[in-house]
Amino acid sequence: QVLLVESGGGSVQAGDSLRLSCEASGRPLSSYAMGWFRQAPGKERELVAAISWNGGNTYYLDSVKDRYTIFRDHHKNAVYLEMSSLKPEDTAVYYCAATFPGRTAQVMAESRPNYWGQGTQVTVSS
């Protein structure tokens with residue numbers, strides 16, 4: 001059984017930074033694409049950022065480009081989301097997910113992920 005555990009969420013002020021972490025256990029996810037989704041109250045879940053299995057291909061939602069960076073560490077079986085210049089509209093529950101096969105980052109948007117984390121809350125105050 002694969003378990004994805006997110007951490008790093010919290011309450012911050014607009015303009016602050018946060019790093020979310022997602023550590024996987026149960027099996028190596030080196031051949032999976034991984035990504036971060038978010039869901040704000042009353043809104044649909046959306047893909048925020050994704051990364052291919054080898055890190056060579058990434059995807060970002062337009063509204064987070066130049067503010068968010070996704071990267072992964074195969075040795076730690078983990079994926080991270082570095083968020084800077086946070087805005088109140090970034091407030092949401094952030095979910096980590098993994099999709100196989102992971103040749104491209106776009107597969108996270110095109111296919112239903114195989115695994116999901118439980119989510120971590122990010123709250124940005126103005």
Side-chain angles (χ1 to χ4, degrees):
Q1 181 181 355
V2 173
L3 188 63
L4 301 180
V5 179
E6 301 100 332
S7 62
S11 296
V12 297
Q13 297 291 316
D16 285 350
S17 299
L18 276 177
R19 176 182 289 190
L20 304 183
S21 300
C22 171
E23 295 190 1
S25 61
R27 68 176 299 167
L29 296 184
S30 55
S31 58
Y32 286 67
M34 297 193 75
W36 291 90
F37 291 76
R38 69 184 180 188
Q39 187 166 21
K43 295 187 177 181
E44 293 188 356
R45 190 173 297 189
E46 61 182 356
L47 178 62
V48 174
I51 189 167
S52 61
W53 70 276
N54 65 354
N57 178 234
T58 56
Y59 161 87
Y60 294 96
L61 185 68
D62 283 347
S63 61
V64 307
K65 283 180 180 177
D66 299 325
R67 298 191 298 120
Y68 288 15
T69 302
I70 187 170
F71 58 100
R72 64 191 300 170
D73 185 335
H74 284 307
H75 295 293
K76 295 184 178 180
N77 211 23
V79 65
Y80 306 90
L81 187 66
E82 190 78 46
M83 306 183 294
S84 63
S85 302
L86 283 162
K87 304 176 180 180
E89 51 264 42
D90 295 319
T91 295
V93 178
Y94 284 70
Y95 299 89
C96 172
T99 299
F100 180 86
R103 289 185 292 272
T104 68
Q106 284 70 22
V107 71
M108 294 298 302
E110 298 166 353
S111 303
R112 180 182 177 87
N114 300 94
Y115 306 110
W116 289 95
Q118 83 289 348
T120 186
Q121 177 71 47
V122 172
T123 303
V124 185
S125 302
S126 58

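Not a single donor-acceptor pair under 3.5 Å links the side chain of D73 to the backbone N or O of A78. Put simply, the side chain of N77 gets close to the backbone of R27: a donor and an acceptor are under 3.5 Å apart.
Comment: K87 does not engage D90 in a salt bridge, judged by the lack of any side-chain N to carboxylate O separation of less than 4.0 angstrom.
Summarising the geometry of V93 relative to G119, their closest heavy-atom pair is CG1-CA, 3.8 Å, with the distance given to 0.1 Å. Closest of all the heavy-atom pairs between P88 and S125 is CG-C, 4.4 Å. Listed here is the closest heavy atom pair of W53 and S30: CB-O, 3.2 Å. Contact detail for A105 and Y59: the closest heavy-atom pair is CB-N, 3.7 Å.
Between the side chains of S84 and E82, no donor-acceptor pair of N or O atoms lies under 3.5 Å.
Between Y95 and F37, the distance from one ring center to the other does not fall under 6.0 angstrom.
Contact check for E6 versus Q118: side-chain heavy atoms found under the 4.5 Å cut-off. At least one side-chain heavy atom of Q106 sits under 4.5 Å from a side-chain heavy atom of N57. Between P113 and M108, the closest side-chain pair of non-hydrogen atoms falls below 4.5 Å. With contacts defined as side-chain heavy-atom distances shorter than 4.5 Å, the pair I70/Y60 qualifies. The side-chain heavy atoms of L20 and V122, taken from C-beta on, include a pair separated by under 4.5 Å. With contacts defined as side-chain heavy-atom distances shorter than 4.5 Å, the pair Y68/W36 does not qualify.
Here the CZ-SG distance, from R72 to C22, works out to 10.0 Å after rounding to the nearest 0.5 Å. Remark: T58 OG1 to F71 CZ distance equals 13.0 Å, nearest 0.5 Å. A distance of 9.0 Å separates CG of L47 from OG1 of T99, quoted to the nearest 0.5 Å. Rounded to the nearest 0.5 angstrom, Y115 OH and F100 CZ are separated by 9.5 Å. We find the OG-CG distance between S126 and L86 to be 13.0 Å, quoted to the nearest 0.5 Å. Here the CG atom belonging to N54 is positioned 10.5 Å from the OG1 atom belonging to T104, to the nearest 0.5 angstrom.
For the side-chain contact (heavy atoms from CB on, under 4.5 Å) with V79, the lone residue among E23, H74, M34 that qualifies is M34.
Atom CD of E110 has more than 12 neighbouring heavy atoms from other residues, nucleotides or ligands inside a 6.0 Å radius.
Both L61 and L18 are members of a single hydrophobic cluster when ILVMFWY side chains are connected at heavy-atom separations under 4.5 Å.
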Could you walk me through whether V124 and E89 pass the side-chain contact (heavy atoms from CB on, under 4.5 Å) test, one step at a time?
-> CA-CA 8 Å; V124 185; E89 51 264 42; over 6 Å; no
Can you list the steps and then say if R38 with E46 is a side-chain contact (heavy atoms from CB on, under 4.5 Å)?
-> CA-CA 5 Å; R38 69 184 180 188; E46 61 182 356; 2.8 Å; yes
